[in-house]
Amino acid sequence: MGVPAFVVTALARSRTARRIVIMLLAGVTILILVALAPLAIIPMALAGTSLAAPAAAAGDDPTPAARGDWGYPLAGDYFKGRGFGYNPVGGCSYCSTDHQGYDMSQGCGSSIHAAGSGTVITAGSFSGWGNTVRIDHGGGLVTLYGHMQWGSLRVSVGDAVTAGTPVGAEGNTGRSFGCHLHYEVQRAGVAIDPEPFMAALDLPLK
């Protein structure tokens, strides 16, 4: 049954009526778009997931800069914390004042890498360093990576590693005062300053 001619004429002459009709049409259009949106969004989301999946599966951690058999324990820029030697931490009664390593940070969860080739001799809780990895490089040289997140270690005792091998993630375990990597170099069981050691390998620290 058609709309009477006088109704059409009245609607055409009334601005208010035209506005109402336009608003109704706009509302119906929006409802139709909302109803149909999932039909477009879901296939796009699935396509995006399928495209991203191979990259996630194959994506490796960024590789730290290296010189020969040695490299940095972090990939890219970092914040420098305490250096080697006398470095008290204000407000931390349990932090050592005679700091035996070099603190560096990229943020909680950042990947930490072996600085050189060797064999893992510690992988787990280790004294005040919390969750720790130590690597024996031979000749009495050992590097230590302290305060890593619990559950983040990617190596085990006895594993052979090379420079750039991911060993764990930056954390705040042990006697720590915020997320960071405590990087320590030991020669014949005695901690030495990592800065001149790394500089001699053409890998200067900040």
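Residues: numbered from 1 along the sequence shown.
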Side-chain donor-acceptor pairs of residues 137-144 under 3.5 Å, sequence neighbours excluded:
| from | atom 1 | to | atom 2 | distance (Å) |
| --- | --- | --- | --- | --- |
| His137 | ND1 | Ser117 | O | 2.6 |
| His137 | NE2 | Thr143 | OG1 | 2.7 |
| Thr143 | OG1 | Tyr145 | OH | 2.8 |

Pairs satisfying ring-ring contact (aromatic ring centres under 6.0 Å, His included), at least one member in [range], at least two apart:
range            : value
residues 148-170 : none
residues 186-206 : Trp70-Phe197
residues 151-172 : none

Exercise for the section: Check whether Leu181 and Val185 end up in the same hydrophobic cluster, where Ile, Leu, Val, Met, Phe, Trp and Tyr are linked by side-chain heavy atoms less than 4.5 Å apart. Expected result: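 Both belong to a single hydrophobic cluster.
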Exercise for the section: Applying side chain to side chain donor-acceptor pair (under 3.5 Å), name anything that partners His147, two or more places apart in sequence or on another chain. Expected result: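 For His147 there are no side chain to side chain donor-acceptor pair (under 3.5 Å) partners, ignoring immediate neighbours.
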Exercise for the section: Please list, chain by chain and in numerical order, all residues satisfying side-chain contact (heavy atoms from CB on, under 4.5 Å) with Ala66, sequence neighbours excluded. Expected result: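 Partners of Ala66 by the side-chain contact (heavy atoms from CB on, under 4.5 Å) criterion come out as none, since no residue qualifies.
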Exercise for the section: Measure the CE-OG1 distance between Met148 and Thr173 for me, rounded to the nearest 0.5 Å. Expected result: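 Going from CE on Met148 over to OG1 on Thr173, the span is 8.0 Å.
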Handout entry: Distance, nearest 0.5 Å, that separates CZ of Phe126 from CZ of Arg134
Key =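 Output value for this atom pair is 4.0 Å.
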Practice task
Would you list the pairs meeting disulfide bond (SG atoms under 2.5 Å apart) in which at least one residue belongs to residues 130-165, sequence neighbours left out?
Solution key: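 Found none.
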Problem - Residue pairs involving residues 107-182 (criterion disulfide bond (SG atoms under 2.5 Å apart); sequence neighbours excluded) - result: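 Output for this query lists Cys108-Cys179.
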Practice task
State which residues pass ring-ring contact (aromatic ring centres under 6.0 Å, His included) with Phe79; sequence neighbours excluded, sorted by chain then number.
Solution key: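 Checked Phe79 against ring-ring contact (aromatic ring centres under 6.0 Å, His included); zero matches.
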Handout entry: Under the ring-ring contact (aromatic ring centres under 6.0 Å, His included) test, residues paired with Tyr102 that sit two or more places apart
Key =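 By the ring-ring contact (aromatic ring centres under 6.0 Å, His included) rule, Tyr102 matches no residue at all.
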Exercise for the section: Sorted by first residue and then second, give each salt bridge (charged side-chain N to carboxylate O under 4.0 Å, His left out) pair with at least one member in residues 186-205; sequence neighbours left out. Expected result: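 Salt bridge (charged side-chain N to carboxylate O under 4.0 Å, His left out) check on residues 186-205 returns Arg67-Asp202, Lys80-Glu195.
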Please table the atom pairs, donor to acceptor, closer than 3.5 Å between any side-chain atom in residues 159-166 and protein atoms at least two apart or in another chain.
| from | atom 1 | to | atom 2 | distance (Å) |
| --- | --- | --- | --- | --- |
| Asp159 | OD2 | Ser156 | N | 2.8 |
| Thr162 | OG1 | Thr165 | OG1 | 3.4 |
| Thr165 | OG1 | Thr162 | N | 3.1 |
| Thr165 | OG1 | Thr162 | O | 2.9 |

